[in-house]
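Below, all heavy atoms of this structure are taken into account, side chains as well, without hydrogens, waters or symmetry copies. On a predicted model such as this, the values are computed, not experimentally measured, just so you know. Here is the naming used below: chain letters follow the sequence lines, and residue numbers restart at 1 for every chain.
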Amino acid sequence: MSQPIIEVKNLGKKYNITHQQGGYIALRDVLAYILKKPFSFLKTKAKSMVGASTKEEFWALRGVDFSIDQGEVIGIIGANGAGKSTLLKILTGITPPTEGEVVMRGRVASLLEVGTGFHPELTGRENIFLNGAILGMTRKEIAKKFDDIVEFAGVTQFLDTPVKYYSSGMYVRLAFSVAAHMEPDILLVDEVLAVGDAEFQKKCLGKMEEVTKKSGRTILFISHNMGAIQNLCKKTIFLKKGRIEMFGKTDDVIRAYLEHSEAVSSTEFQEDTEKSAQIRKIQILDANKNPTGKVPISQKFFIKIDYVVRQPIKQALLYLWFYSRGEILLSSSSADKDGVLRDYEPGQYSTLVEIPAFLFNVGYYYFDVRFQKPFIEDIDYQLNLSFEVSDVRNPVSEIFHGNNAGRIATILEYHTEK
Amino acid sequence: MAEAITIIKPKKKFSLQDIRELWQYKELLYFFTWRDLKVRYKQTVIGVGWAIFQPFITMVVFTVFFGTLAKMPSDNVPYPVFVYVGLLFWQFFSGALSDTSATLVGNQAIITKVYFPRLLLPLSSVFTKFVDFAISSVILAVLMVYYGYAPNIWGFLILPILLVITFMASSGIGLFLAAVNVKYRDVRYVLPFFIQMLLFLTPVIYPSSIAGKYSWLLAFNPMTGVIQTARAALFNTAPINLTLVGLSFLASLVALVIGVMYFKTVERYFADII
């Protein structure tokens, strides 16, 4: 018992930028290159053989050391691209590290996505077995837990219906239910709760809490949802640029994380033509429509969302969630005013969301943007974008010297009579 | 507590550990094969009948055009049953080849989310094709009874060896292509053409004797030995040429070893570049 259940020593993972961006290449192009410029090809080949190549390297993770005892539930937080997912992918064995070593004592299972390997043509019953096997359960185990899985998901009537006829809620419930019934010693969980509606997220969190408290399982949990991390994890790892910035008590780490993060004015997203619609760019603009990451509390500002619709989409909306300290502070959608969903024809769209002055108090805020058909599907989403509200020309501060309590700063009218 | 220790280190080379791991995951191999069969038979109206229908219709078309109209020689065996034996092995081989080569890209959603020995995916494609082979063999049995052929005992004994050769050849080449296809996505557009050309370089619609003194050239293709031997064994047209079987076995073994080795060296990067 004295040995830690997970030991990570000096772990590092290097990507070549060419791999990162290009993805795959066509053999046709490579052959054409060899034929056209045989000498230049040989030269680069020789260079890469002796290790003198000039291609750019990028360490997604470097010098990561930590160990975890049995029964601990550890959160992992960090900005996009800090190496969280890379760390989890190495621990699960999906991708090998470039250096370092990991020792895990016990059965390992991972949940990087709910419903991995679900096949739309297969029935619910068949998918339970398939998905279970992919997640590493034996046929006996699945058979033993089959009834529990079905009951938790609440799909008993539809067991022999192909899952392509399931509603998205049923689909996710079934998928999560299979995953929730794994019994590994170590469970690695990525942002799986990003899918589904708020109520479902709550149910999943409940199930996870129940599981960890009862069986003393060790869990590593990546999330952007600070509330979930605070609920589940005693200790948290804060990753920054591929290194461990801090590892300690969850509350301390989250505070440090929120203070650390710099608000960025504009974020662009790589094109993925397979999506029927895609958010391409999200910008924070000040009152004069200049990009900024830091907005004065006394002025209105804008969130500009550029998105492209590739196939006609019916009955959709833009949905924004604003967070502070792990709690949802405000949910807002493009249909709030009239309650009507819009149809989108293919094309480039740009939406400007106006945020009034004195809405958010001074501090850091996070927001998620979803382009979705409510309760049907998330067509595209981007999580964990941020801005900072700064203390400029704030009458409240002048009185309270910056110690303004609360997260909302709306100035209310005071009608005083005597 | 520590019944299972997992150690993750950089650069995993092929080792005995891999074989043990494959054995541990045999159930998943079964599930992948089962999934592929289930899905395919569900998507077609006639279901399992498709496995019989496809080679049968091909046989009929080939018989009409090559047998009756073009008067292709067939070693004095009725053309339908002659071509069906060739087609049976050929469709196992070519089907396995094209399915395995597409399997990694087709399953990328799973590959980037869960770990399991990647070899399982291409292997399960070959098994799926083997099941098709077994089902469509029924037609062969019917044809043989109809035309009054009975295989001799040696013929029966050599069939499993022929299947092993086909299995090794298609997995070997398939693994290689699957791995290449991850990096170079245009390979899959070339492959159907390549397979179609190969059909004419393999004695499926004609006997290998047609090539006369150049027929030894065909022997480089492991499927030549397999199909030729299968015909010899089933129809007693010629003595079984054990040298040819041996050569085919060697050729397919080499293909398998190269395929597995190449697959293992690039396997670790699949999740990164897929």
Side-chain angles (χ1 to χ4, degrees), chain A residues 1 3 5 8 11-13 15-16 19-20 22-30 70 89-113 116-123 126-127 129-130 132-139 162 185-186 190, chain B residues 1-13 21 24-44 105 107-118 120-121 180-191 267-274:
Chain A
M1 284 302 285
Q3 273 183 312
I5 194 163
V8 174
L11 201 65
K13 170 83 184 176
Y15 284 105
N16 293 326
H19 274 182
Q20 271 269 303
Y24 39 83
I25 23 177
L27 187 58
R28 182 190 57 206
D29 298 340
V30 176
Q70 204 204 342
K89 280 191 175 174
I90 293 174
L91 293 182
T92 51
I94 291 169
T95 183
T98 312
E99 57 180 33
E101 193 189 43
V102 180
V103 181
M104 290 188 280
R105 301 182 171 86
R107 227 181 116 190
V108 186
S110 60
L111 186 55
L112 268 61
E113 179 188 66
T116 309
F118 259 47
H119 200 289
E121 296 283 346
L122 297 178
T123 66
E126 290 161 347
N127 267 311
F129 278 93
L130 177 63
I134 289 175
L135 293 174
M137 289 197 256
T138 63
R139 213 183 325 175
D185 302 307
I186 303 168
D190 200 348
Chain B
M1 84 191 198
E3 350 87 59
I5 295 188
T6 318
I7 297 173
I8 296 170
K9 277 184 180 173
K11 290 217 176 181
K12 253 168 59 186
K13 289 254 166 69
E21 199 184 46
Q24 276 175 2
Y25 276 90
K26 58 185 184 301
E27 277 200 355
L28 189 55
L29 178 64
Y30 163 80
F31 272 113
F32 279 141
T33 310
W34 171 85
R35 173 195 68 177
D36 289 347
L37 286 170
K38 262 254 146 93
V39 168
R40 199 147 41 87
Y41 292 146
K42 268 188 188 182
Q43 277 170 338
T44 58
V105 175
N107 285 287
Q108 55 175 301
I110 308 179
I111 289 179
T112 52
K113 297 294 180 197
V114 184
Y115 174 77
F116 54 86
R118 306 313 189 196
L120 290 183
L121 283 171
V180 171
N181 198 17
V182 170
K183 201 167 175 188
Y184 305 111
R185 293 298 165 92
D186 52 348
V187 170
R188 66 182 145 163
Y189 301 116
V190 190
L191 196 61
E267 179 188 39
R268 12 191 188 120
Y269 300 112
F270 285 164
D272 294 339
I273 60 174
I274 204 160

* CZ of B:Arg40 to CD of A:Glu121: how many Å apart, nearest 0.5 Å? -> 13.0 Å
* At what distance, to the nearest 0.5 angstrom, does NZ of B:Lys113 lie from CD1 of A:Ile134? -> 13.5 Å
* To do: Could you look at A:Ile186 and say if it's the side chain, the backbone, both or neither that has a heavy atom under 4.5 Å from chain B?
  => neither
* Asked: Side chain, backbone, both or neither: which part of A:Val108 has a heavy atom under 4.5 Å from chain B?
  -> side chain
Nearest heavy-atom pair of [X] and [Y]: which atoms, and what distance?
| X | Y | answer |
| --- | --- | --- |
| B:Arg35 | A:Leu122 | CG-CD1, 4.0 Å |
| A:Ile94 | B:Thr112 | CD1-O, 3.6 Å |
| A:Glu126 | B:Lys38 | OE2-NZ, 2.9 Å |

* Side chain, backbone, both or neither of B:Phe31 within contact of chain A (heavy atoms, under 4.5 Å) -> both
* Structure fact -> Whatever's closer than 4.5 Å to a heavy atom in chain A on B:Val114 counts as both
Based on non-hydrogen pairs under 4.5 Å, which of [options] is most in contact with chain B?
| options | value |
| --- | --- |
| A:Leu11, A:Leu130, A:Leu135 | A:Leu130 |
| A:Asn127, A:Thr138, A:Val8 | A:Thr138 |
| A:Gly12, A:Gly93, A:Gly132, A:Ala109 | A:Gly93 |

* **ring pair (Phe, Tyr, Trp, His ring centres under 6.0 Å) involving B:Tyr25 - partner list, sequence neighbours excluded** => none
* Asked: Taking the side chain from B:Glu27 and the backbone from A:Arg139, do they hold a donor-acceptor pair closer than 3.5 Å?
  -> yes
* **Residues which pass side chain to side chain donor-acceptor pair (under 3.5 Å) with A:Thr98, listed by chain and number, not counting sequence neighbours** => none
